[in-house]
There are 2 protein chains.
Amino acid sequence: MTKAEKLLKEKKLSVTEARKSVLEFFLKSKKPLNVLDFKGDKTFESFNESSIYRNITKLEEAGIIQSIPSAGDYQSYELVNHGHHHHHISCSNCKKIQCLKVCGLEKRMKEMAKTVDFLLVGHSVELVGLCSDCRS
Amino acid sequence: MTKAEKLLKEKKLSVTEARKSVLEFFLKSKKPLNVLDFKGDKTFESFNESSIYRNITKLEEAGIIQSIPSAGDYQSYELVNHGHHHHHISCSNCKKIQCLKVCGLEKRMKEMAKTVDFLLVGHSVELVGLCSDCRS
DNA sequence: CTAGATGCAAAAAGTTTGCAATGCA
DNA sequence: TGCATTGCAAACTTTTTGCATCTAG
């Protein structure tokens, strides 16, 4: 049994070709995905657009994926377990989103919090930049 | 001359009622705004929806406002000066929000961006902490 | 007076829904 | 078999555009 099938069964979702493919795409992707990513992949040419939307919704309801803030035209999603603490950077030009594996901001943030007499508990960060494609 | 008028002239944008109102709304708002915020405000009942969109676009092109990542259905914008160096910390217990006058995260963020070959342009940050009242 | 802004209506673009047919359990 | 899922078309929502009119400079 594949990892996708196993995950779906755990969450008591029925295992269909479309659903399995959507989940597998998330499992193998290193960055958040939006509908356009699915439409651009030939695996999904055989599935209807509404099935992609409906399956994304199902996976989100099941807590397998989650939507993440994005500045672009499409809602982006990623696996809930996709790393523990991580942030994203989006391209200000083409809106592409990428996961960052590193953080290391806590030390400075603790100091910032201290300036207003707060004890730092957590943080959320969105970086904006220009990707290599858009720079050249 | 109002602050909005001054800003528009600086950027060589013509000063119309609609444009002035849109910018004033941003200037007095303490949070990012989306089209729905405009449609919900009675000042904007007299303006056409497309004028709101077109003016938001103009202000963005002029570098007065910028779009920010958002998880909702509507694109959100904020004044450029708010996004760059005006962060907030909120108390996880009493929800009080405090402005931070310091940042100093750019250096590390530049490094983070570099790990995925992005050139850092901006960032948005929300810190969460415990205020002194809630710690005692 | 003229370039740019506006209102209105129509079109795009992105997403959701109803329904009949199909597939999973 | 029975309920969930799918495809398809149509509806909906959010945003953009064309064009005639109006307004700021």
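Below, all heavy atoms of this structure are taken into account, side chains as well, without hydrogens, waters or symmetry copies. Residue numbers begin at 1 in each chain, while the letters A, B, ... track the order of the sequences. Note that this is a predicted model, so its numbers are computed, not measured.
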In whole Å, what is the span from the [atom1] atom of [X] to the [atom2] atom of [N]?
{"X": "A/Asn48", "N": "D/dT5", "atom1": "CG", "atom2": "C1'", "value": "12 Å"}
{"X": "A/Leu8", "N": "D/dA4", "atom1": "CG", "atom2": "C1'", "value": "14 Å"}
{"X": "A/Lys11", "N": "D/dT5", "atom1": "NZ", "atom2": "C1'", "value": "20 Å"}
{"X": "B/Arg19", "N": "D/dG25", "atom1": "CZ", "atom2": "P", "value": "10 Å"}
{"X": "B/Lys20", "N": "D/dG25", "atom1": "NZ", "atom2": "C1'", "value": "14 Å"}
{"X": "B/Phe44", "N": "C/dT6", "atom1": "CZ", "atom2": "P", "value": "12 Å"}
{"X": "B/Asn34", "N": "D/dT14", "atom1": "CG", "atom2": "P", "value": "10 Å"}
{"X": "A/Ile56", "N": "C/dT15", "atom1": "CD1", "atom2": "P", "value": "9 Å"}

Which of the following nucleotides, [options], is nearest to the side chain of [X]?
{"X": "B/Gln75", "options": "D/dT6, D/dT15, C/dA5", "result": "D/dT15"}
{"X": "B/Thr16", "options": "C/dG7, C/dT6, D/dT6", "result": "C/dT6"}
{"X": "A/Tyr74", "options": "C/dC24, C/dT6, C/dA13", "result": "C/dA13"}
{"X": "A/Val35", "options": "C/dT15, D/dT6, D/dT16", "result": "C/dT15"}

Distance test, side-chain N/O of A/Tyr53 to OP1/OP2 of C/dT15, below 4.0 Å: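 Answer is yes, contact under 4.0 Å.
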
N/O (side chain, A/Ser50) to phosphate O (OP1/OP2, D/dG7) under 4.0 Å: no

Proximity of B/Phe44 and B/Phe25 rings by center, below 6.0 Å: yes

Nearest-nucleotide 5' precedence on DNA chain D, B/Val15 against B/Lys39: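 Closer to the 5' end of DNA chain D: B/Lys39.
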
Along DNA chain D (nearest heavy atom to each residue), the more 5'-positioned of B/Ser14 and A/Leu13: A/Leu13

Evaluation steps, ring pair (Phe, Tyr, Trp, His ring centres under 6.0 Å), between A/Tyr53 and A/Phe38: CA-CA 10 Å; A/Tyr53 279 105; A/Phe38 286 93; 9.4 Å; no

Touch class at under 4.0 angstrom, heavy-atom based, for B/Thr57 against every strand present: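 Answer is nothing: B/Thr57 stays at 4.0 Å or more from every strand.
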
Touch class at under 4.0 angstrom, heavy-atom based, for A/Glu49 against every strand present: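 Since a base atom lies under 4.0 Å of A/Glu49, the category is base.
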
Residues B/Lys20, B/Glu17: salt bridge by 4.0 Å N-O rule: yes

Lys/Arg N to Asp/Glu carboxylate O, A/Lys114 vs A/Glu111, below 4.0 Å: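 So A/Lys114 does not pair with A/Glu111 through a salt bridge.
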
B/Val125 reachable from B/Leu130 in the ILVMFWY side-chain graph, under 4.5 Å edges: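 As far as the 4.5 Å side-chain criterion goes, B/Val125 and B/Leu130 are not connected within one cluster.
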
Side-chain-base donor-acceptor pair under 3.5 Å for B/Arg54 and C/dG4: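 Flag unset: no donor-acceptor pair detected.
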
